[in-house]
Amino acid sequence: MKLDVRTICVAVLLAALVLLPLYSALSGDRFVVTLFTRIVILALAATSLNLILGYGGMMSFGHAAYLGLGGYAVGILAHEGAGSGFVQWPVALAVSALFALVVGALCLRTRGVYFIMITLAFSQMAYYVVSGLDRYGGDDGLTIYRRSQFAGLNLSDRVLFYYLCLGLLLAGLYLTWRIVNSRFGFVIRGARSNEPRMRAIGFPTYRYKLVCFVIAGTMGGLAGALLANHTEFVSPSIMYWTRSGDLMVMVILGGMGSLFGPLFGSIVLLVLEEALSGITEYWQLVLGPLLLLVVLFARGGIDGMLAGLRRA
C-alpha cells in the first residue's frame, strides 16, 4: 500500500501545533508558545498572499500593507478608548478590504512588472502615511496597553490566544480550500493560465480577480489585527516592503499554489531565523544559501518536495 508522505506530514504537523501548549507546560518552555503564535499569525498572512499569488498568479509586492492596516486599526481604536474587539476587528477587516478594493481596481488593469510596481507603490504610500501620524507614535510606533476585549475571552491568556490564532489559521486554510475548489476558484486558476481564453468563453475575469484580491486583503488585515494583539505594539515597519518580501519567501519556500505550503514555509523560515540568530548575528548569510538551494532543487517548494516522496 502506498502512503502519501505529504498527508502524513500535514497530519503530524497539525497535531503538533494543537499539542504545543501541552509541551510548553510540561517542559516549562514558555517562549515556544510565543514563537509559534507569531508563526501561526504570519502563516495566515502568507496563506492570504498564496490565494492571489499561488492560485491567481497575481504577484503582489505590497501585501504587508494589510498587516499594517489591520494592526493600526486595532492600535488606533485602542488608543482612542474603543477597546472592544467587536469594534476593532470589524474595522480592521473593513479598512483592509476597502484598501484592497482600491488597489486591486487599479493594479488589475495592468500586468507583469507594472502590477508589481503599483502594489509596491500603494504599500509604500500607506507606510509613509502611518509614519506621519504623530498622534499615534509616527516612526516610533504605537503601544497597545490592552488587548482586544471580547465577552468571555481573555486574550491576555497566551494559551487561549494561541488557540484562537490557530483556529483562525485553520479557518483561513479551509476558506482557501473551498474557494480554489469552487467554480470561482477554477475561473481564478484558469485566468492565471490563459486569461484571454477565459474571457473568450464568457467569464468576466477582472471581476473575479478583484473579488479574490479583496478576500486576500481582508485575510491579511485579520492577520494584522492578531499580530497587533500579540506584540501589543504596532509600527510602520510592519508594512514596509521587506515584510512583503518575507511573506513572499514563505509562500515560495513552502510551495506556491499548495494549501499547506504557506504554513510549511512560515514554520521553516521563522524557526531557522530564530535558531540562527541565536548563533550568529550574520544569520542571513546562512539562511540565504539554504533558501536558494530549496528554490533551485525543490521547484514546488517544501510541499512539492513532500508530494514527490512515496514509501511503501
Side-chain angles (χ1 to χ4, degrees), residues 38-71 96 99-100 103-104 107-108 110-127 169 172-173 176 180 188-189 192 209 212-213 215-224 227 236-273 283-284 287-305:
R38 178 169 176 260
I39 289 173
V40 165
I41 293 171
L42 292 180
L44 176 60
T47 298
S48 68
L49 176 59
N50 185 49
L51 181 60
I52 56 175
L53 175 61
Y55 292 107
M58 294 172 269
M59 187 169 289
S60 171
F61 216 86
H63 206 72
Y66 306 109
L67 277 176
L69 290 171
S96 301
F99 187 77
V103 175
C107 69
L108 287 173
T110 64
R111 295 182 182 179
V113 68
Y114 301 105
F115 181 94
I116 297 173
M117 294 307 295
I118 291 176
T119 57
L120 176 60
F122 271 100
S123 177
Q124 289 302 99
M125 285 170 57
Y127 168 80
L169 170 62
L173 290 170
T176 301
V180 299
I188 294 297
R189 287 190 282 174
R192 179 194 60 186
K209 291 169 69 175
C212 186
F213 199 88
I215 292 172
T218 306
M219 289 175 62
L222 175 59
L227 189 61
S237 62
I238 195 177
M239 57 205 314
Y240 197 58
W241 68 270
T242 53
R243 180 55 61 88
S244 296
D246 291 340
L247 295 177
M248 195 170 291
V249 168
M250 292 175 192
V251 174
I252 296 172
L253 178 63
M256 289 195 303
S258 62
L259 184 62
F260 290 97
L263 178 57
F264 287 134
S266 302
I267 292 175
V268 171
L269 179 65
L270 296 176
V271 169
L272 277 176
E273 178 183 321
W283 56 271
Q284 295 96 333
L287 183 60
L290 291 176
L291 297 178
L292 183 61
L293 289 174
V294 172
V295 172
L296 290 176
F297 298 103
R299 301 301 295 272
I302 296 171
D303 186 86
M305 183 172 60

Which distance, rounded to the nearest 0.5 Å, do you find between the CG of Leu169 and the CD1 of Ile41? 10.0 Å
side-chain contact (heavy atoms from CB on, under 4.5 Å), paired with Ser60, selected from Ile118, Ile52, Leu53: Ile52
Can you name the ring-ring contact (aromatic ring centres under 6.0 Å, His included) partners of Phe122, sequence neighbours left out? none
Indicate yes or no: at least one non-hydrogen side-chain atom of Leu108 is less than 4.5 angstrom from one of Phe115. yes
List in chain and number order the residues that pass salt bridge (Lys or Arg N to Asp or Glu O under 4.0 Å) with Arg243, two or more places apart in sequence or in another chain; answer none if no residue qualifies. Asp246
Could you give the distance from CG (Leu120) to CE (Met125), rounded to the nearest 0.5 Å? 11.5 Å
Taking side-chain hydrogen bond (donor to acceptor under 3.5 Å, both in side chains) as the cut-off, I'd like each qualifying pair that reaches into residues 250-273, sequence neighbours left out, listed once. none
Nearest heavy-atom pair of Gln124 and Trp241: which atoms, and what distance? OE1-N, 3.3 Å
What are the two closest non-hydrogen atoms of Asn50 and Pro262, and how far apart are they? CB-CG, 3.6 Å
If you round to the nearest 0.5 Å, how far is CG of Leu259 from CG of Leu51? 10.5 Å
Residues Ser244 and Ala64: closest non-hydrogen pair is OG-N, 3.0 Å
In chain order, what residues pass the side chain to side chain contact (heavy atoms under 4.5 Å, CB included) check against Ala45, with sequence neighbours excluded? Leu67, Ala223, Leu247
Please find the pair of heavy atoms, one from Thr176 and one from Met219, that lie closest to each other, and give the distance. OG1-CE, 4.2 Å
So which heavy atom on Leu44 is nearest to which on Gly172, and how close? CD1-CA, 4.3 Å
Would you please name every residue forming a ring-ring contact (aromatic ring centres under 6.0 Å, His included) with Tyr127, sequence neighbours left out? Tyr240
Taking salt bridge (charged side-chain N to carboxylate O under 4.0 Å, His left out) as the cut-off, I'd like each qualifying pair that reaches into residues 40-59, sequence neighbours left out, listed once. none
Closest heavy-atom pair, Ser123 versus Met239, reported as atoms and distance to 0.1 Å, is OG-O, 3.4 Å
To the nearest 0.5 Å, what is the distance between CD1 (Ile215) and OG (Ser48)? 11.5 Å
Distance, nearest 0.5 Å, that separates CG of Leu42 from CD1 of Ile267: 11.5 Å
I'd like to check the side chain to side chain contact (heavy atoms under 4.5 Å, CB included) partners of Ile252; sequence neighbours left out, ordered by chain and number. Met248, Met256, Val295
Kindly state each residue pair satisfying ring pair (Phe, Tyr, Trp, His ring centres under 6.0 Å) with at least one member in residues 46-68, sequence neighbours excluded. His63-Tyr66, Tyr66-Phe99
Run the side-chain hydrogen bond (donor to acceptor under 3.5 Å, both in side chains) test against Ser237 and tell me which residues pass, sequence neighbours left out. Ser235
